[in-house]
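Small disclaimer: the values here were computed from a predicted structure and weren't measured. Just follow the structure's listing: the first ligand is 1, and inside any ligand the first atom is 1.
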Amino acid sequence: MAATYDLILRGGTLVNHDGVGARDVGVTAGRIAGIGDLSRASAGDVIDCAGLHVLPGVIDSQVHFREPGLEHKEDLETGSRAAVMGGVTAVFEMPNTNPLTTSAEALADKVTRGHHRMHCDFAFWVGGTHENANDIPELERLPGAAGIKVFMGSSTGSLLVEDDPGVAAILAKTRRRAAFHAEDEFRLEERKHLRVPGDPTSHHVWRDEITALQCTQRLVRIARAQRATIHVLHVSTGEEIDFLRDHKDVASVEATPHHLSLDASLYATIGTKLQMNPPVRDKRHQDHIWWGLSQGIVDILGSDHAPHTLEEKAKPYPASPSGMPGVQTLVPLMLDHVAAGRLTLERFVDLSSAGPARLFGIAGKGRVAVGYDADFTIVDLKRHETIRNSWIASRCGWTPYDGRQVTGWPIGTIVRGARVMWDGELTTPSRGEATRFHQDL
Ligand code: DOR
């Protein structure tokens with residue numbers, strides 16, 4: 001008897017851990033139920049994927065969705081709308097909201113707010129602080145917790161653990177891989193006078209490569225002493241890539257699409273829109289991060305989606321806040337890099353699905369396998385598009401890539417078997433649920 005599924009993705013080219021090839025995928029009750037030639041099977045719904053590539057759902061493990069407290073920039077609904085419009089099926093959201101996500105109550109509040117209101121699946125990073133270090137064993141295991149995130153250099157919001165004893169106290173307690181914003185706060189303080197009023201090009205002079213490298217070196221030293229595993233977010237310098245290549249047993253590495261796609265020459269045209277922590281730097285760093293990606297030193301991609309309103313960004317530097325949106329443009333930008341031959345589609349899948357699942361112990365996501373969540377990012381590798389502000393679903397309403405032409409575009413976003421986005425339309429909204437993690441964490 002021919003098999004029956006709820007949904008079949010038919011006629012597409014599947015990109016998976018066993019290669020790239022023509023295979024159909026059958027889905028039942030939100031899970032993958034069959035892979036192969038399903039031409040004789042029937043289903044309640046069939047999506048014609050002819051000419052398209054079917055990827056495991058893209059997981060963006062670094063986004064700032066601003067709720068609660070900063071909803072004039074973004075909220076969990078608008079941020080996740082941007083995610084699915086861009087082909088992203090799950091996000092890990094950051095703790096620098098107001099109140100900060102540093103307690104069980106604040107985390108539970110976010111999970112409640114996100115449940116069936118966000119359009120993609122989600123987890124929330126819990127901020128590690130001097131005050132909550134002893135609570136970490138409970139905090140990092142709560143439902144919906146992605147793990148512990150620490151800011152060693154100050155950025156948007158008040159989260160900060162700048163000192164080695166503070167970081168050691170946190171890493172003495174973590175069992176999961178903790179994520180770090182590594183910029184040396186002491187050096188940032190010493191060099192604040194280097195910020196030139198009205199001149200955002202001074203941002204990467206102030207927050208220089210030594211600020212990043214020195215902090216990453218301190219962090220790895222502490223992690224080793226504490227026998228902890230860590231994740232270095234948004235690596236922005238070639239020097240850190242060279243350093244981290246020798247510490248992969250302890251530290252995993254995130255690269256962002258903006259550090260791979262933008263460089264300091266753009267301050268002249270887009271000014272404070274380029275302002276980000278850690279900064280977008282000279283081209284030599286971008287080239288070196290690409291080299292690190294080609295050599296496997298970079299483990300995953302994260303967008304660091306950090307929206308601010310245009311009005312806020314229009315303030316004269318340094319009153320302008322750091323951050324730019326990115327969750328919606330991650331897939332098209334990286335597919336464009338695939339089209340240009342800078343990485344393979346398989347490597348993109350490794351960086352955006354399998355990689356986050358491996359690093360953070362996500363259960364049932366990150367590959368196309370029977371029993372896994374039916375999350376897919378369906379893309380057209382040949383489609384030429386121009387990224388426009390008008391396409392941006394984030395409440396901030398702008399992108400630093402406005403006007404950029406790309407080859408490769410997300411056509412569909414399937415979350416646990418539901419067609420959430422198809423060809424630029426939100427088709428099945430608001431089904432997001434907390435991501436599951438492996439039980440042994
Ligand atoms: O530029 C940044 N903006 N870097 C961060 O680490 C935080 C982010 C934000 O929340 O705005």
Side-chain angles (χ1 to χ4, degrees), residues 60-76 78-79 82 91-102 110 124-129 146 148-162 178-185 188 195 200 202-204 206-208 211-212 215-216 219 231-237 240 254-259 261-262 264 266-267 270-281 302-313 315 317-327 329-330 394-396 398-400:
D60 185 348
S61 51
Q62 194 190 174
V63 302
H64 301 262
F65 283 175
R66 310 299 194 201
E67 179 178 346
L70 300 156
E71 289 92 340
H72 67 284
K73 300 177 197 275
E74 192 78 288
D75 65 30
L76 293 171
T78 57
V91 295
F92 291 4
E93 203 269 343
M94 282 293 167
N96 56 339
T97 45
N98 188 10
L100 300 168
T101 320
T102 52
K110 276 192 170 177
F124 297 104
W125 292 100
V126 177
T129 66
I148 301 298
K149 153 78 186 276
V150 178
F151 283 87
M152 291 178 73
S154 48
S155 195
T156 302
S158 58
L159 277 174
L160 184 64
V161 181
E162 70 278 48
F180 282 83
H181 180 124
E183 287 187 284
D184 190 300
E185 182 67 10
L188 287 177
R195 299 182 301 178
S202 62
H203 194 61
H204 71 118
W206 168 42
R207 301 179 91 106
D208 68 346
T211 304
C215 192
T216 296
L219 170 60
H231 180 56
V232 185
L233 297 160
H234 41 47
V235 166
S236 64
T237 66
E240 285 169 285
E254 178 197 73
T256 70
H258 52 276
H259 288 114
S261 311
L262 304 171
L266 285 164
Y267 284 112
I270 64 171
T272 58
K273 285 184 185 158
L274 193 65
Q275 185 192 329
M276 191 81 197
N277 300 330
V280 171
R281 307 183 189 278
S303 74
D304 196 4
H305 175 83
H308 299 284
T309 65
L310 281 173
E311 201 180 8
E312 291 164 336
K313 280 297 216 179
K315 290 182 186 167
Y317 184 83
S320 45
S322 295
M324 60 175 80
V327 71
T329 44
L330 183 152
S394 165
R395 181 160 290 145
C396 76
W398 62 275
T399 166

Exercise. Does Arg395 reach the side chain of Arg66, with side-chain heavy atoms less than 4.5 Å apart?
Worked result: no

For this session: Answer whether the closest heavy-atom distance between the side chains of Glu67 and Thr97 falls below 4.5 Å.
Result: no

Seminar exercise, completed: Exactly one of Glu183, Arg281, His259 clears side-chain hydrogen bond (donor to acceptor under 3.5 Å, both in side chains) with Ser236, and that residue is Arg281

Problem set entry | Proximal protein residues to ligand 1, non-hydrogen atoms under 4.0 angstrom | His64, Arg66, Asn96, Phe151, Ser155, Thr156, His181, Met276, Asn277, Ala306, His308, Ser322, Gly323

For this session: Report yes or no: does Lys313 contribute a side-chain atom to a donor-acceptor pair with the main-chain N or O of Gln275 at less than 3.5 Å?
Result: yes

Exercise. Met276 versus His234: any side-chain heavy-atom pair under 4.5 Å?
Worked result: no

Problem set entry | Residues that Lys273 engages under side-chain contact (heavy atoms from CB on, under 4.5 Å), provided they are two or more places apart | Ile270, Leu310, Trp398

